[in-house]
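See structure below.
What you see below is based on every heavy atom in this structure, not just the backbone, and it leaves out hydrogens, waters and symmetry mates. In the text below, chain A, chain B and the rest are named by the order of the sequence lines, each starting its count at 1.
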2 protein chains.
Amino acid sequence: MTERKREILALSQSVLKEKGYAATSVRDIAKSLDMEPASLYSHFKSKEDILKITCFEMADKFELAVKEVNDIYFNAEEKLRMAIKLHVEILTQNLDSALIFIRDWRNLTGTSLTQFTAKRNVYEEGFREIVHTGIDEGIFNETDKKFAALTILSSVNWIVEWYKPDGNLNAEQIAHKLSNFILSGLKKDINK
Amino acid sequence: MTERKREILALSQSVLKEKGYAATSVRDIAKSLDMEPASLYSHFKSKEDILKITCFEMADKFELAVKEVNDIYFNAEEKLRMAIKLHVEILTQNLDSALIFIRDWRNLTGTSLTQFTAKRNVYEEGFREIVHTGIDEGIFNETDKKFAALTILSSVNWIVEWYKPDGNLNAEQIAHKLSNFILSGLKKDINK
DNA sequence: CTGCTACGAACTAACGTTCGTTAGGCAAAT
DNA sequence: ATTTGCCTAACGAACGTTAGTTCGTAGCAG
């Protein structure tokens with residue numbers, strides 16, 4: 001990908017995240033780039049092409065991250081903490097893409113959609129595996145793995161809805177709080 | 001609202017939830033109702049009118065539920081469990097509306113959008129209040145109230161993404177699991 | 001250093017389609 | 001007699017996209 005294409009992609013993403021993919025027109029994107037709509041087609045095959053690249057680049061990042069974590073030999077708590085940390089880092093460092101990735105992937109069509117959900121399954125499975133490891137090790141409560149992984153991922157992904165780069169929590173602090181919450185819950189343990 | 005309007009609203013919602021509000025045309029809705037597009041305008045002022053009614057009806061339900069819970073004199077754990085239970089019930093009993101409510105409210109414009117986010121704040125504040133109560137009572141960990149409320153709500157709302165009415169978990173079971181998870185976390189307490 | 005070629009990146013103009021919506025009418029129900 | 005619920009027809013605007021062109025510049029042969 002040329003430098004210019006990357007630049008246009010990034011700017012397009014910052015426009016797309018505002019109103020969502022479906023509600024944003026090619027003309028909207030072009031206007032905020034001070035370009036003619038047609039000029040975008042020198043760089044991208046179609047509007048969906050932009051969505052596709054965005055979603056797959058993010059999916060690749062997440063897939064890689066959770067794979068890395070599972071390849072390292074740690075105990076489950078460390079694995080989970082690291083997976084959450086990496087996940088939060090990817091989200092916060094690519095906030096525009098992340099928003100599009102989370103909200104708009106449903107607008108993909110045909111094989112793109114199929115391949116995307118497949119990729120998504122892979123990294124969700126990665127989280128399930130971490131939970132599984134924890135149960136095997138006897139340090140996580142016996143629980144519905146699928147349910148737990150979904151709940152963890154939802155808390156993590158929801159960050160994009162409220163995270164502000166200039167807020168008072170950085171990515172690492174968010175990851176730490178979130179890990180504590182997920183591992184120990186809200187209730188004070190009166191036995192400790 | 002007339003019976004017919006209610007009926008058309010429900011059917012519209014089941015269409016809208018599939019591809020999302022912005023990607024669904026009035027003609028799409030009409031087609032699946034075996035109607036002419038223009039006929040919809042005998043019942044609704046505009047396409048956005050359908051979205052508006054959907055979002056506000058759901059917001060009202062949630063607002064009412066969390067208000068009820070906070071008015072009842074219970075301890076914080078009971079309050080939270082009840083709030084989650086009511087929330088899950090509303091989500092699962094109105095799955096189409098819930099999906100639109102959660103995914104598509106951003107497509108509201110003008111004062112509708114302003115009023116909606118205000119309502120949303122009210123019930124999010126209701127959750128923060130429950131967390132606050134728990135901290136005051138000394139039964140919840142000292143924590144970032146806003147952060148905790150957001151995390152709780154994200155887990156609860158994410159249910160709409162995977163819940164299937166004919167799945168093997170009913171609303172009450174989901175609420176129970178979710179409450180346990182949120183209250184006690186994933187980690188086994190070796191002191192108990 | 002000059003002149004030619006190739007190409008990237010933008011443009012103008014326009015295509016056919018779909019969009020949300022309105023106007024006006026007609027038949028059945030109240 | 002009025003209202004309800006739907007129709008046909010059509011409006012103007014916006015949509016994604018294509019075709020064809022221009023302009024600047026980088027690479028290279030003479």
Side-chain angles (χ1 to χ4, degrees), chain A residues 1-56 96 100 103-113 116, chain B residues 1-56 96 100 103-113 116:
Chain A
M1 184 166 335
T2 68
E3 198 183 332
R4 181 59 179 150
K5 182 169 178 178
R6 256 264 105 72
E7 186 186 6
I8 291 181
L9 179 61
L11 289 166
S12 302
Q13 288 163 342
S14 115
V15 181
L16 283 172
K17 69 140 195 271
E18 296 295 337
K19 299 197 295 173
Y21 173 79
T24 306
S25 71
V26 173
R27 284 168 176 82
D28 288 336
I29 298 173
K31 178 169 263 182
S32 87
L33 291 174
D34 270 323
M35 273 187 146
E36 293 304 315
S39 305
L40 285 168
Y41 289 82
S42 299
H43 302 279
F44 300 98
K45 292 189 337 226
S46 64
K47 186 190 174 192
E48 186 172 340
D49 195 26
I50 298 176
L51 178 64
K52 189 168 133 188
I53 293 171
T54 304
C55 289
F56 277 75
D96 293 347
I100 298 165
R103 291 178 183 166
D104 292 329
W105 64 267
R106 270 168 257 270
N107 292 286
L108 290 170
T109 61
T111 57
S112 294
L113 181 57
F116 177 86
Chain B
M1 182 164 340
T2 67
E3 196 182 334
R4 180 60 179 148
K5 181 169 179 180
R6 196 25 85 201
E7 185 186 7
I8 290 182
L9 179 61
L11 289 166
S12 301
Q13 288 163 343
S14 113
V15 181
L16 283 172
K17 70 140 197 271
E18 295 295 338
K19 299 196 298 173
Y21 173 79
T24 305
S25 70
V26 173
R27 284 168 176 82
D28 288 336
I29 298 173
K31 177 169 267 184
S32 87
L33 292 174
D34 270 323
M35 275 189 143
E36 294 304 313
S39 305
L40 285 168
Y41 289 80
S42 301
H43 301 279
F44 301 98
K45 291 187 342 225
S46 64
K47 186 191 174 191
E48 186 172 340
D49 195 26
I50 298 176
L51 178 63
K52 191 169 133 188
I53 293 170
T54 304
C55 288
F56 278 75
D96 294 346
I100 298 165
R103 291 179 184 165
D104 292 328
W105 63 267
R106 271 168 256 270
N107 291 287
L108 291 170
T109 61
T111 56
S112 294
L113 181 58
F116 177 85

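- A distance-only check finds no donor-acceptor pair linking the side chain of A:Asp28 to the backbone of A:Thr24 [under 3.5 Å].
- Taking atom CE of A:Met35 as the reference point, atom P of D:dG16 lies 16 Å away to the nearest angstrom.
- Atom-to-atom, NZ of B:Lys45 to C1' of C:dT22 comes out at 16 Å; the value is rounded to the nearest Å.
- Atom CD1 in B:Ile8 sits about 9 Å away from atom C1' in D:dC6, given to the nearest Å.
- For B:Glu36, whose side chain is taken as the heavy atoms from C-beta onward, the closest listed nucleotide among C:dA9, D:dT18, D:dT8 is D:dT8.
- The base of C:dG8 does not come close enough to the side chain of A:Arg4 for any donor and acceptor atom to sit less than 3.5 Å apart.
- Comparing D:dC7, C:dA10, C:dT12 by their closest approach to the side chain of B:Ala38 singles out D:dC7.
- Using a 4.0 Å cut-off between charged nitrogen and carboxylate oxygen, B:Arg6 and B:Glu3 do not count as a salt-bridge pair.
- Side-chain N/O atoms of A:His43 include none lying less than 4.0 angstrom from OP1 or OP2 on C:dG8.
- For the pair B:Lys19 NZ and C:dT18 P, the computed distance is 12 Å after rounding to whole Å.
- B:Asp104 is not listed as a side-chain neighbour of B:Thr54, based on a closest heavy-atom distance of 4.5 Å or more.
- Rounded to whole angstrom, the span from the CG atom of B:Asp34 across to the P atom of D:dG5 amounts to 18 Å.
- Sequence order on DNA chain D of the closest nucleotides to A:Lys47 and B:Arg27 puts B:Arg27 first from the 5' end.
- Under 3.5 Å, the side chain of A:Ser39 and the base of C:dA9 form no donor-acceptor pair of N or O atoms.
- Backbone-only engagement by B:Ser25 is indicated by non-hydrogen atom pairs under 4.0 Å involving sugar-phosphate atoms exclusively.
- In this structure, B:Tyr41 atom OH and C:dG20 atom P are separated by 7 Å, rounded to whole Å.
- A:Lys52 is listed as a side-chain neighbour of A:Leu108, based on a closest heavy-atom distance under 4.5 Å.
- Cation-pi geometry between A:Lys47 and A:Tyr21 is met: under 6.0 angstrom from the ring centre, within 45 degrees of the axis.
- Between the CE atom of A:Met1 and the P atom of C:dA9 there is a distance of 13 Å, given to the nearest Å.
- Atoms CZ (B:Phe44) and P (C:dT22) sit 15 Å apart, rounded to a whole Å.
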